[in-house]
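Inspection log for the structure reproduced underneath, given as structure tokens.
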Amino acid sequence: MPGVKKKSFVLPFNGGEVWFEHLDGMYQYTELVLEKLKSDSRIFLLPSKPAHIAYVLDEKLIAANIIGEIVRLLLCDRKQFLRICFIGTDAKSKRLIRHALSDKNVFTFAFINDTEKAKEWLVSS
């Protein structure tokens, strides 16, 4: 499975930094996605990591429990995010994510399926 080997990372871009959380290519392996999120969150929740995060979800059917874990991590007390971008989401995933974040006004989020446009949006003021 190529997605399991993908590392998440900080990418300097256009004077800013973006954390890329790679969950793509993991297909139907929900438990592996949750394990990767748990492991990566130890890093991306550090105050020294960027407040902009891109969730790369291409080729992943997003289960409700994965969306719940993403939202839980984004709303935790340990870190305040500024902008979140979901890359590669289908209509059902967008609907579930919007619903999970509907009454939360703590950061701006967008759904952009072009990685370059997502990076530009994330670091724009």
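Atoms considered below: every heavy atom in the structure, side chains included; atoms not considered: hydrogens, waters and symmetry mates. Predicted model, so just to flag it, every value in this text is computed and none were measured.
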Checklist line | All ring-ring contact (aromatic ring centres under 6.0 Å, His included) counterparts of F13, not counting sequence neighbours | finding: none
Note to self: Contact between L57 and D24 at the side-chain level, heavy atoms closer than 4.5 Å - yes or no?
What the structure shows: no
Check: Do V18 and P50 touch side chain to side chain, with heavy atoms closer than 4.5 Å?
Finding: no
For residues 64-77, which side-chain donor-acceptor pairs fall under 3.5 Å, sequence neighbours excluded?
residue : atom : partner : partner atom : Å
E69     : OE1  : R72     : NE           : 3.0
E69     : OE2  : R72     : NH2          : 2.8

Checklist line | Partners meeting side-chain contact (heavy atoms from CB on, under 4.5 Å) with K79 (sequence neighbours left out) | finding: L45, K49, F81
Checklist line | side-chain contact (heavy atoms from CB on, under 4.5 Å) involving E35 - partner list, sequence neighbours excluded | finding: L32
Item checked: Chi angles and distances behind the side-chain contact (heavy atoms from CB on, under 4.5 Å) call for V106, Q80 -> CA-CA 8 Å; V106 292; Q80 182 177 359; 6.0 Å; no
Report the distance from atom [atom1] of [X] to atom [atom2] of [Y], rounding to the nearest 0.5 Å.
{"X": "H52", "Y": "L82", "atom1": "NE2", "atom2": "CG", "answer": "4.5 Å"}
{"X": "L23", "Y": "D40", "atom1": "CG", "atom2": "CG", "answer": "7.5 Å"}
{"X": "T115", "Y": "I87", "atom1": "OG1", "atom2": "CD1", "answer": "4.5 Å"}
{"X": "R78", "Y": "S41", "atom1": "CZ", "atom2": "OG", "answer": "6.5 Å"}
{"X": "L34", "Y": "S39", "atom1": "CG", "atom2": "OG", "answer": "12.5 Å"}

Note to self: Count I, L, V, M, F, W, Y as connected when their side-chain heavy atoms are under 4.5 Å apart, and connections chain through other members. Are L46 and I84 then in the same cluster?
What the structure shows: no
Donor-acceptor contacts under 3.5 Å from residues 107-114 side chains, at least two apart:
residue : atom : partner : partner atom : Å
N113    : OD1  : G88     : N            : 2.7
N113    : OD1  : T89     : N            : 3.4
D114    : OD1  : E116    : N            : 2.9
D114    : OD1  : K117    : N            : 2.9

Next item on the list: Could you tell me whether Y55 and H22 have their ring centroids closer than 6.0 angstrom?
Entry: no
Next item on the list: Enumerate the residue pairs fulfilling side-chain hydrogen bond (donor to acceptor under 3.5 Å, both in side chains) with a member in residues 10-21, sequence neighbours excluded, ordered by first and then second residue.
Entry: S8-E21, W19-E21
Next item on the list: Answer yes or no: are there more than 12 heavy-atom neighbours, outside K104 itself, under 6.0 Å from its atom NZ?
Entry: yes
